[in-house]
Amino acid sequence: IAKMNCYPFLMFFCLNGRFIDRKKATVSVLDNGFLYADGFYDTMRVYQGVIFELPLHLKRIEYSAKEMDMPLPLTQKISAWLRKIITINKLHEARVRMTITRGQGPVSLVVDKTTDPTRLMMFRPLEPTLGKAKREGVAGHLASVGSGVSEHWRQLKALNYLPAILARVEAKRRGCF
């Protein structure tokens with residue numbers, strides 16, 4: 001929890017349709033997203049208070065939910081949550097990340113029919129260093145770590161980001177972005 005203080009701009013989250021202060025947001029230790037990375041996410045760019053290409057993001061979220069056999073609220077409800085999180089956080093140039101997990105369940109890889117997935121929306125401003133990186137460019141590195149994702153599943157933005165994290169660690173060691 002102490003680490004969260006380095007993100008003072010994360011003011012309110014939307015957790016399962018409830019808008020709460022980030023300091024009060026909790027997810028069960030039995031959540032399958034936490035235990036097994038059993039879930040998906042989508043990150044959306046906000047320009048002047050409006051989500052860029054929202055219908056395409058909603059389509060990807062629906063696709064992911066269908067592929068993972070998870071129920072999803074109506075897209076109108078998700079859209080309303082997104083509009084509200086933008087309004088209450090008062091940030092007009094930012095990112096919204098929506099994460100959906102299978103929710104709480106037995107500690108097992110046996111997948112039960114999900115009835116109550118965990119749905120989390122986080123809102124944050126853009127990193128200040130991105131502007132400089134765009135203007136000046138960055139050093140790149142071709143990582144030795146593969147994506148770890150089969151071609152069939154590349155449209156699914158699953159929570160398991162370990163290959164990307166390892167690639168970033170490798171790039172950082174070499175002085176790259």
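Scored by the salt bridge (charged side-chain N to carboxylate O under 4.0 Å, His left out) test, Arg60 finds Asp42 as partners (sequence neighbours excluded). Taking the side-chain contact (heavy atoms from CB on, under 4.5 Å) definition, one finds that Ala158 meets it with nothing, sequence neighbours left out. With sequence neighbours excluded, the residues satisfying salt bridge (charged side-chain N to carboxylate O under 4.0 Å, His left out) with Arg45 are Glu93.
Across Asn89 and Phe12, no two heavy atoms sit closer than the pair OD1-N, 3.0 Å. Across all non-hydrogen atoms, the minimal contact from Asp21 to Lys23 is OD1-N, 2.7 Å. Smallest separation of non-hydrogen atoms from Pro71 and Pro117: O-CG, 3.6 Å.
Leu58 contributes atom CG, which lies 8.5 Å from atom CE of Met98 (distance to the nearest 0.5 angstrom). Taking CD1 of Ile100 as the start and CE of Met68 as the end, the distance is 10.0 Å to the nearest 0.5 Å. Note that CZ of Phe19 and CE of Met11 are 13.5 Å apart. Values are rounded to the nearest 0.5 Å. Atom CZ in Phe13 sits 7.0 Å away from atom CZ in Arg22 (nearest 0.5 Å).
In this structure a side-chain-to-backbone donor-acceptor pair under 3.5 Å is missing from Arg97 to Arg95.
Taken together through direct or relayed side-chain contacts under 4.5 Å among Ile, Leu, Val, Met, Phe, Trp and Tyr, Tyr63 and Leu56 form parts of separate hydrophobic clusters. Linking ILVMFWY side-chain heavy atoms closer than 4.5 Å, directly or via other members, places Val50 and Val96 in two distinct hydrophobic clusters. Tyr41 and Ile165 end up in the same hydrophobic cluster when Ile, Leu, Val, Met, Phe, Trp and Tyr side chains are linked at under 4.5 Å.
At a threshold of 4.5 Å between non-hydrogen side-chain atoms, the residues Ile86 and Ile51 count as touching. Contact of the Arg119 side chain with the Leu15 side chain is not registered, since no non-hydrogen atoms from C-beta on lie closer than 4.5 Å.
Phe52 belongs to a hydrophobic cluster with Tyr47, counting contacts under 4.5 Å between side-chain heavy atoms of Ile, Leu, Val, Met, Phe, Trp and Tyr, direct or through other members.
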Per-pair distances, 0.1 Å, donor-acceptor, side chain in residues 75-85, under 3.5 Å, sequence neighbours excluded:
unit_1: Ser79; atom_1: OG; unit_2: Thr75; atom_2: O; d: 2.9

I'd like a table of donor-acceptor pairs (distance under 3.5 Å, sequence neighbours excluded) in which one partner is a side-chain atom from residues 28-38, with atom names and distances.
unit_1: Ser28; atom_1: OG; unit_2: Leu30; atom_2: N; d: 2.9
unit_1: Ser28; atom_1: OG; unit_2: Gln104; atom_2: OE1; d: 3.1
unit_1: Asp31; atom_1: OD1; unit_2: Gly33; atom_2: N; d: 2.7
unit_1: Asp31; atom_1: OD1; unit_2: Thr101; atom_2: OG1; d: 2.8
unit_1: Asp31; atom_1: OD2; unit_2: Thr101; atom_2: OG1; d: 3.0
unit_1: Asp31; atom_1: OD2; unit_2: Thr118; atom_2: OG1; d: 2.5
unit_1: Tyr36; atom_1: OH; unit_2: Ser108; atom_2: N; d: 3.0
unit_1: Asp38; atom_1: OD1; unit_2: Arg102; atom_2: NE; d: 3.3
unit_1: Asp38; atom_1: OD1; unit_2: Arg102; atom_2: NH2; d: 3.3
unit_1: Asp38; atom_1: OD2; unit_2: Arg102; atom_2: NE; d: 2.5

Under the criterion side-chain contact (heavy atoms from CB on, under 4.5 Å), I'd like the reasoning laid out for Thr99 against Phe40: C-alpha separation, chi angles, the key distance, then a yes or no. CA-CA 6 Å; Thr99 304; Phe40 61 92; over 6 Å; no

